[in-house]
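Structure, as structure tokens:
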Amino acid sequence: MSLKEALKKIKNLKRSESKKPTAQKKDIKVASEVVTPSNPENVSEALSENEIQKLNQIKSKHLPLYNSIKKLNVFQQRAVFSDNEKILVSAMVGSGKTTVLVHKILYLHFFKGVPLDKIGILTFTNKAANEIVERILTFYMGQAETSPDLSLCGTFHSVAKNILSHSELLYSIGYTDSFTIMDENEKVIFLKRIVLENNLNVKYINRLDKRIERFLDPRATTKRKKILYGNMKYEDDIEELIKISAERKKSYNVMDFDDLIANVNIVMSNNKFDIGLDWIVIDEFQDSNTDQITMINNMANDRTSVFAVGDPNQLIYAWRGSDIGIFSDFKEKKCEEHSLPINYRSTSNILDLAKVMKTYGDEELLGNRSGGLPVAIVNHYDSNQEAIYLASQIKNITQKGVPLREIAILFRTRNQSKIFETVFTNEEIPFEVANRRTIRDLPPVYWLTLLFRSCLNKHDMNSIYDLVFDKDYGFHELSTGLVRKYLSDLKKQNINPDLENFLEWMIDKKSMEKEFLEFSKQMLGFSKWIEGVTFEEIPKIFDYFNLSLLLRPSSSNYENDAELVKSFLDNLSRYVKLDYDTDVKRSFLTIVSKMSLDGINIVGDTIDPNSEKVKLLTMHTAKGLEFGYVFISGANDGLIPMVLDYQEPAQFEEEKRLFFVAITRAKDFLEISYHTNPEGWRSVPEMSCFLKNIPKNVIKVGARKKTSRTVPVSDNTDIDKLDKWYTGQSISHHKYGSGEIAKITETNIICCFDGFGEKSFSVNFLAIKPQ
DNA sequence: CTGCGAACCTTTTTT
DNA sequence: AGGTTCGCAG
């Protein structure tokens with residue numbers, strides 16, 4: 001875990017004197033030293049006098065910061081040290097967005113003296129949050145003695161959670177600070193339970209998530225759009241279901257993901273609650289929806305400055321509520337606008353194709369890698385033929401020494417990956433499908449989290465039922481009648497369900513085994529017990545709950561399960577140490593909440609992002625990633641774009657942006673395919689309309705052979721022209737030792753060696769070897 | 001109450 | 001193509 005490691009490094013850091021730069025006289029020479037090596041030749045931008053002065057000030061105040069900022073290009077530097085209090089950075093794809101964001105934060109802290117806990121940093125994904133934290137900490141390590149408070153740095157949801165759980169006002173909206181969080185999956189189970197318990201009439205129960213989504217969509221205006229679904233003619237009880245669920249979430253002291261944002265907005269707006277931030281920094285601003293914008297506004301006071309970075313051309317989540325208007329609106333609110341126009345990732349041929357898909361803004365998209373291979377557009381009979389063809393192409397590529405992790409296959413829908421999985425399995429090509437792994441993929445660990453949630457939030461009946469009625473580790477089979485009986489018995493006594501009376505009732509009514517009796521006792525005592533332990537003692541939980549008995553010792557999974565749970569507890573102990581709040585119990589609750597938001601990441605280093613496997617990804621999941629070789633499969637009308645409704649230009653544009661995102665994942669090589677005989681009801685046997693009328697010089701259309709079911713087409717031999725070098729590749733040199741390729745131009749390969757810095761080699765006289 | 005046909009929807013996904 | 005709801009016929 002990178003964050004963990006970074007923190008560890010800080011803690012273990014010898015208290016070496018922080019290298020505070022000694023005050024230096026202003027060195028006018030710096031101006032000419034300002035090197036922006038990454039600026040492409042066709043960009044002739046230079047810093048103004050003022051900006052050069054600013055750079056000098058940074059140099060005299062904080063040399064390490066200066067050294068880091070010096071490496072940025074002019075546009076990036078400008079965005080970093082502009083002192084405007086409202087800045088929007090329109091970042092082109094692959095233009096170093098995160099780098100600018102991180103440097104801005106470092107600049108604010110080390111040059112402007114803004115404390116890090118006065119900077120709210122908001123991202124959409126955990127991955128982005130971790131990357132930013134890690135990069136801040138890496139720089140911080142050499143500069144400071146203690147680790148900074150970054151509790152307001154994270155995803156919108158985790159920051160909302162942190163604000164809520166430290167707010168007194170939580171009580172005013174009916175929650176306590178031991179609230180737990182349910183994920184989308186648990187929410188569906190929760191809702192279905194309400195339907196059963198209350199005898200509600202709810203149609204399309206298996207598409208509850210879709211129905212709720214539509215019901216809550218602010219853009220669905222008519223009742224018909226909100227309530228009626230599929231072939232429905234009459235309203236059902238969906239409105240009632242949502243009403244009951246809202247009440248029940250409060251009585252359970254549980255929030256879903258949307259509630260976190262909604263509640264933080266209620267608490268912060270109703271009560272003039274101010275967290276006194278100096279700055280709010282937002283990543284991927286184009287993805288914000290209105291609730292998130294409200295949250296940003298609520299977090300800010302009159303003196304809070306804002307720095308937002310985003311790329312409207314990569315807005316592919318409008319269907320989740322983000323809106324291009326939010327980007328433009330912000331722009332108009334007297335904010336200073338910056339652009340990062342230079343793409344460092346892709347060859348110019350790839351970028352030229354991408355430009356055709358650009359839907360927003362007049363800003364130019366500039367590259368710094370000339371030429372490259374033309375983008376190939378090839379035709380296959382069907383996806384099976386393509387999979388066979390790709391298998392052989394991948395073998396070709398890897399024979400040149402390209403690692404599998406540099407190859408990705410992108411498609412529009414998840415089920416398009418199946419055929420590749422089958423063929424690649426046969427052909428023995430290692431692959432990885434980007435399935436989001438959740439903690440549910442580790443059943444005993446998930447069961448344990450249910451146990452913790454049940455013990456720490458005794459009103460979380462979701463977790464309590466799921467825990468006790470779990471089919472693997474639970475104690476009793478779930479029957480609808482049972483819970484109903486329990487609830488009606490409680491109603492007679494006019495009390496609310498909670499952990500205590502549920503366990504009592506179960507023992508009483510169902511004459512449960514001794515094992516359950518013992519377990520109940522330990523559950524009820526856990527909250528007290530955890531208060532008295534230190535973080536080192538957390539692994540003792542295993543014996544506290546007598547897990548060697550509860551984890552089904554007779555099952556064949558037992559050894560695995562027990563080991564998994566033990567290493568999970570070890571990790572927990574480490575996390576509690578790192579996230580130490582006010583006491584172990586409080587930290588423990590923090591971690592338990594974090595697990596709902598963070599997914600499997602907390603369990604351990606089970607996923608290797610750089611594993612040597614071909615990546616099979618949907619275009620959406622590919623966002624933010626880059627690969628040397630990209631194959632986009634199935635660019636047929638009806639798939640890309642999926643909706644061929646010319647009445648809805650907004651949807652059409654979003655499809656175009658999605659295609660833009662897919663194309664711009666490629667660094668060196670891009671091939672796009674469409675099928676003569678596409679499967680699925682959606683697509684038609686036509687090449688995507690996006691691919692028509694594009695400049696002929698950037699693409700190479702594969703000959704449209706009369707293809708048959710049995711003869712695979714393989715008319716893209718360009719791939720052989722690509723030599724074996726790629727950026728990021730590990731290489732070695734007889735004199736400079738091992739290094740990495742930093743950049744490849746038409747004539748030179750520039751390598752970075754440890755201790756020797758950058759060296760450039762002519763492609764005609766290559767003295768380097770792959771490693 | 002059951003059986004049949006017509007009509008409708010279906011994707012993408014982070015937290 | 002497959003799942004669901006609804007109307008209608010029996």
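The shown structure was predicted, so the numbers you read here are calculated from the model rather than taken from an experiment.
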So, do Tyr317(A) and dT12(B) meet the stacking rule of ring centres under 5.5 Å and planes under 30°? no

Pick the nucleotide of DNA chain C nearest each of Trp681(A) and Ile205(A); which residue has the one closer to the 5' end? Trp681(A)

Anything under 3.5 Å between a protein N or O and an N or O of nucleotides 6-9 of chain B, put it in a table, one pair a line.
{"residue": "dA7(B)", "atom": "N3", "partner": "Asn231(A)", "partner atom": "ND2", "Å": "3.3"}
{"residue": "dC8(B)", "atom": "O3'", "partner": "Gly230(A)", "partner atom": "O", "Å": "3.4"}

Pick the P atom in dT4(C) and in dT11(B), then give their distance to the nearest Å. 13 Å

Check whether any side-chain heavy atom of [X] sits under 4.5 Å from a side-chain heavy atom of [Y], and report yes or no.
X: Thr664(A); Y: Ile350(A); result: no
X: Lys192(A); Y: Asn206(A); result: yes
X: Glu653(A); Y: Ile324(A); result: no

Walk along DNA chain C from 5' to 3' and tell me the first and last nucleotide with an atom closer than 4.0 Å to a non-hydrogen atom of chain A. dA1(C) to dG7(C)

For Tyr446(A) and Phe568(A), what are the C-alpha separation, side-chain angles and deciding distance, and is it a ring pair (Phe, Tyr, Trp, His ring centres under 6.0 Å)? CA-CA 10 Å; Tyr446(A) 180 61; Phe568(A) 170 62; over 10 Å; no

Heavy atoms only: give me the nearest Asp236(A)-Lys203(A) pair and the separation to one decimal. OD2-N, 2.8 Å

Measuring to OP1 and OP2 of dT13(B), would you say a side-chain N or O of Thr618(A) lies under 4.0 angstrom away? yes

Do the side-chain N or O atoms of Lys127(A) get closer than 4.0 angstrom to the phosphate oxygens (OP1, OP2) of dT15(B)? no

Answer yes when Glu131(A) and Lys127(A) have at least one side-chain N-carboxylate O distance shorter than 4.0 Å, and no when they do not. no

Assess the pair Phe156(A) and Phe257(A): is the distance between their ring centroids shorter than 6.0 Å? no

Partner set under ring-ring contact (aromatic ring centres under 6.0 Å, His included) for Phe330(A), not counting sequence neighbours: Phe285(A)

